[in-house]
Amino acid sequence: MNQTLVSYLSQYEFYDVLLGIFGKNEGLLAFVIYLLFAGAIVGLCATIGGLGTYAERKISADIQQRIGPNRVGPYGILQFLADGVKMITKEDVMPNTADKFLFYLAPMLALIGVFATLAVLPWSNGFMMADLNVGIFYLIAISSLVGVSVFLGGYASNSKWSMLGGMRGASQIISYEIPVTISILSITLLAGGMGFGTILSQQQGTPIHWYIFHNPFAFIAFFVYFIGALAETNRAPFDLPEAESELVSGYHTEYTGMRFGFFALAEYIEVFVVCGVGAALFLGGGNLPFNVQIDIIPLQLFQVVIFMTKALILYYVVIWIRWTFPRLRVDQLMSICWKYLTPIAIFNLVGNAVWIVVFNGKSIADLVFGGH
Amino acid sequence: MTPAQFDGLMPIVILMGIAVLLFAGGHFVSVLLAPKKPSLLKETPYECGEQPVGSAWSAFNVRFYVVGLIFIIFDVESVLMFPVASIFKELNEVGEGGYALIVFLSFISVLIEGIAYCWKKGDLDWVKSFQVSSKK
Amino acid sequence: MFAQLLFLLSAVLTVGCAIAVAVTKNIMHSCIFLLGSLIGIAGLYATLGADFVAVTQIMVYVGGIVILMLFAVMLTGGKDFVSRAQNLLGLAPSMGNKWTYGIGLFVGLVFLLTNVKLLSNIMKSYPVKTFGNEFPSTVSQIGHLLVKEHVLAFELSSVLLLGALVGAAIIARPRKQ
């Protein structure tokens, strides 16, 4: 049923060796493998989150024709470590009229929501921690925990800036979930399943088989997904809930030190997850650009590299967009979602369904060139 | 399901546990390392340098709630469409694609009517119709 | 072993948070404990093998209903969101003495054990319908059922959603003064 990392690794010989070490206890071995892999993924994503802040400052500096951080380490690359140390040593201030329990809970909910999405991210065709049958559906469901945490962060601070930021942020996140979900529905239609394994297995081969080139409706669906995902992660130009010039700092005004660090970490990791999902759904994920029949571990690692490259290219585009466009007003934000993106997404869905029935599920490449 | 099939859920629980541990660890480290000098000035909520007037927990505009209502309807709709979308391709290959298409499209069309109604009646506008906000 | 651990975690989360919903004085805390309880129920669905239903629970309830409830509580305002009434433990001594509590507990236990004994006999002999190896996942099963046998329910649910949408929009509209 569900393919997992352990069931993938169990086809190699070293798995039996490890099984012997653990005394034939499959559950314990699975737990240890998952723990190690989860630790590696969390470390990798935290590094990506930290380097994301550095990349953002450098890229924004480049766009604005200045230099950016270049003191800490070669080319300033250790800047995020310095920022982390700074955040840990800052005092932890809580407003005296705040709601203590919810104040503590909000960043933790954001972290839980974002980390739980890392379990189904398709790093490669075999290295998914859990290839659930409901993979992509689970991912969008669990990332709505971040919406709750935005609201709680705003509410618990008992400051008017935070409250406004929190309510606007939560309504923005839930509104933009609709076009994102409907775009993902289009991909589910094309792939015939929700699991990442199913979706990735259909995009094998040359880039012409990617879903973005499948038919014009899927092409538009990619952009609807991308814009919706930008808004879901509160990224500019949709960052009204945390806008510096509008609401001081929105829902995380009153958060200091490590707690603010956790909110920021959750946001950057969420952006990476969203870019990774976009890469997997529309751009072919970790699939190699040529057909291979053998299946060895170094090839899987190569696929991980390819997946990360695609995700990081999308991440670069996300950062680029932030420093290019002005911020949207809150009513423009809502009208973009409900009056433009949602009708376009529904139109894509209908178009995809009709395309599948009329052309029997073939992509444009299949129709023009006649089969693989 | 045999117990081995729960293996897919193990990484999820492990990752949630790691998130909680990371939060607790970070909190613990900052308790050790960060200064702790509470003062009345630091602990009042920020309001651009003034003393905050009134509590922030007052009643809010109704448009947030309307957005939430519309969202929940479309959320349930997309959830209901997921299983049908998953087997759409399969049904198409068996030859029942036309039937599945009709089922799918009639489901969506009813909800297109819904969004068209809300659009026409001004429920999707953020500013215009909601001049009446609840008082505290 | 992991299945039991998952069940234990989900059950403790569900029941604990459900009790906390009723007992806390602050209504916002009640909403958040409801969130925890619903996540626990999703975990329980997962232990039963219903992966699609578990994720639907998270998507609709956690992602939608709880946020809606939080908005509704904020909409109706309220001075501090704290109830003035005493909580359950404070009211307990005035609701009975040790005899009534003891007899009530004893009768409750007897009732519970009888029911469990009766129900277990029924559930052991209940024929379970499985699809075998045709449909490898519950999503395909649900999809096939929705399109073949229950298609009328599927279409009527969309009409029901339309009714809910129109009703909610009308109720939330500002009154003509």
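Residue numbering restarts at 1 for every chain, and letters A, B, ... go by the order of the sequence lines.
Of the two parts of C:L9, only the side chain, counted from C-beta on, holds a non-hydrogen atom closer than 4.5 Å to a non-hydrogen atom of chain B. Using a 4.5 Å cut-off between heavy atoms, B:I87 touches chain C through its side chain atoms alone. With a 4.5 angstrom heavy-atom cutoff, B:Y99 touches chain C only via side-chain atoms. Heavy atoms of C:I171 lying under 4.5 Å from chain B are absent altogether. Looking at B:V13, the atoms closer than 4.5 Å to chain C (heavy atoms on both sides) all sit in the side chain, from C-beta outward. In this structure, chain C has heavy atoms under 4.5 Å from both the backbone and the side chain of B:L69. Heavy atoms closer than 4.5 Å to chain C are found in both the backbone and the side chain of B:Y65. Interface remark: B:F107 contributes backbone and side-chain atoms alike to the contact with chain C (heavy atom separation under 4.5 Å). For C:L165, the parts sitting under 4.5 Å from any heavy atom of chain B are the backbone and the side chain alike. Heavy atoms of B:I73 lying under 4.5 Å from chain C belong to its backbone as well as its side chain.
Note on B:S109, B:G68, B:C118, B:S106: by heavy-atom pairs under 4.5 Å with chain C, the leading option is B:S106. Considering only heavy-atom pairs separated by less than 4.5 Å from chain B, the leading option among C:A164, C:G143, C:S157 is C:G143.
Checked for salt-bridge contact, B:K120 and B:E113 miss the test: no charged N lies under 4.0 Å from a carboxylate O.
C:H144 and B:E90 share a donor-acceptor pair across their side chains, judged by distance under 3.5 Å alone.
Closest non-hydrogen pair, C:A46 versus B:L9, comes out as CB-CD1, 3.8 Å. Between C:V60 and B:I72, the shortest heavy-atom contact is O-CD1, 3.7 Å.
Without hydrogens or angle criteria, C:S37 side chain to C:C17 main chain gives no donor-acceptor distance under 3.5 Å.
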